[in-house]
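Whatever order the structure lists them in is the order used to number ligands and atoms, beginning at 1.
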Amino acid sequence: MQKQQKQSVTIRRLRLFRRALWIALPVVVLSALGAYLWTDGARLLISTKSANPLISGKFSLVDHNGRTVTDADYNGKWRLMFFGFTHCPDVCSTTLNTMAVVMGKLGSKANKIVPLFVSVDPARDKPAVLKEYVLAFHPRMIGLSGSDAQVEAAAKAFRVYYGKASGAGNTENYLVDHSAIVFLMDTEGRFSKVFSHNTDIEKIVSEIRQRL
Ligand code: NI
């Protein structure tokens with residue numbers, strides 16, 4: 001009798017444990033997935049091939065003619081987009097040059113694309129400075145910037161990181177660290193594809209051709 005009671009208690013405990021496990025398991029799995037998405041956001045961003053829920057692509061900025069624009073102003077066109085700053089010693093100019101070469105290689109198809117350069121250094125990159133800079137790369141390239149808050153919001157919408165380099169001081173010669181990723185956004189401003197700034201040009205051209 002006592003032995004039977006002991007057994008049933010054990011079985012009850014076992015059942016309780018199993019039930020707890022069924023409740024806990026999804027929580028553990030979801031937490032792990034959440035942690036993965038947050039910590040490996042960058043990797044996810046690079047590997048994703050289609051619509052990316054992490055990148056809204058929304059922005060409200062000021063273009064190089066001093067006009068306030070949003071992502072919707074470019075609807076109907078694909079956008080090849082890069083964030084940087086005009087004083088950048090090499091990565092930005094190399095990348096904008098790559099974008100211009102890609103446009104050239106796409107021939108008439110390039111008419112479907114507007115190349116955009118967003119400055120994350122609005123203090124120095126005023127519209128006139130931006131205009132002169134981007135037009136040196138491509139006649140249809142548009143320079144965008146705006147208030148600190150506008151630039152910050154745009155960078156967030158693309159999950160772009162930027163910040164003054166440490167030890168920059170208050171001189172006019174500071175550097176700005178920034179993500180070096182080229183975004184291909186579709187005709188409604190939705191995420192389509194990203195390229196690392198040093199992706200092979202032919203690879204970028206063929207990836208874009210497949211989508212246009
Ligand atoms: Ni740069």
Exercise. What about the rings of Phe117 and Tyr133, do their centers lie closer together than 6.0 Å?
Worked result: yes

Exercise. Do Ile142 and Tyr74 come close enough that some side-chain heavy atom pair is under 4.5 Å?
Worked result: yes

For this session: Output, by chain and residue number, all protein N/O/S atoms separated from the Ni ion (ligand 1) by less than 2.8 Å.
Result: Cys88 SG, Cys92 SG, His178 NE2

Problem set entry | Near-ring test Phe83/Tyr162, centroid separation under 6.0 angstrom | no

Exercise. Between Asp121 and Ser119, does any side-chain donor sit less than 3.5 Å from a side-chain acceptor?
Worked result: no

Exercise. When you measure from the centre of the six-membered ring of Phe183, is the NZ or CZ of Arg159 under 6.0 Å away and within 45° of the axis?
Worked result: no

For this session: Please list, chain by chain and in numerical order, all residues satisfying side chain to side chain donor-acceptor pair (under 3.5 Å) with Asp186, sequence neighbours excluded.
Result: Arg190

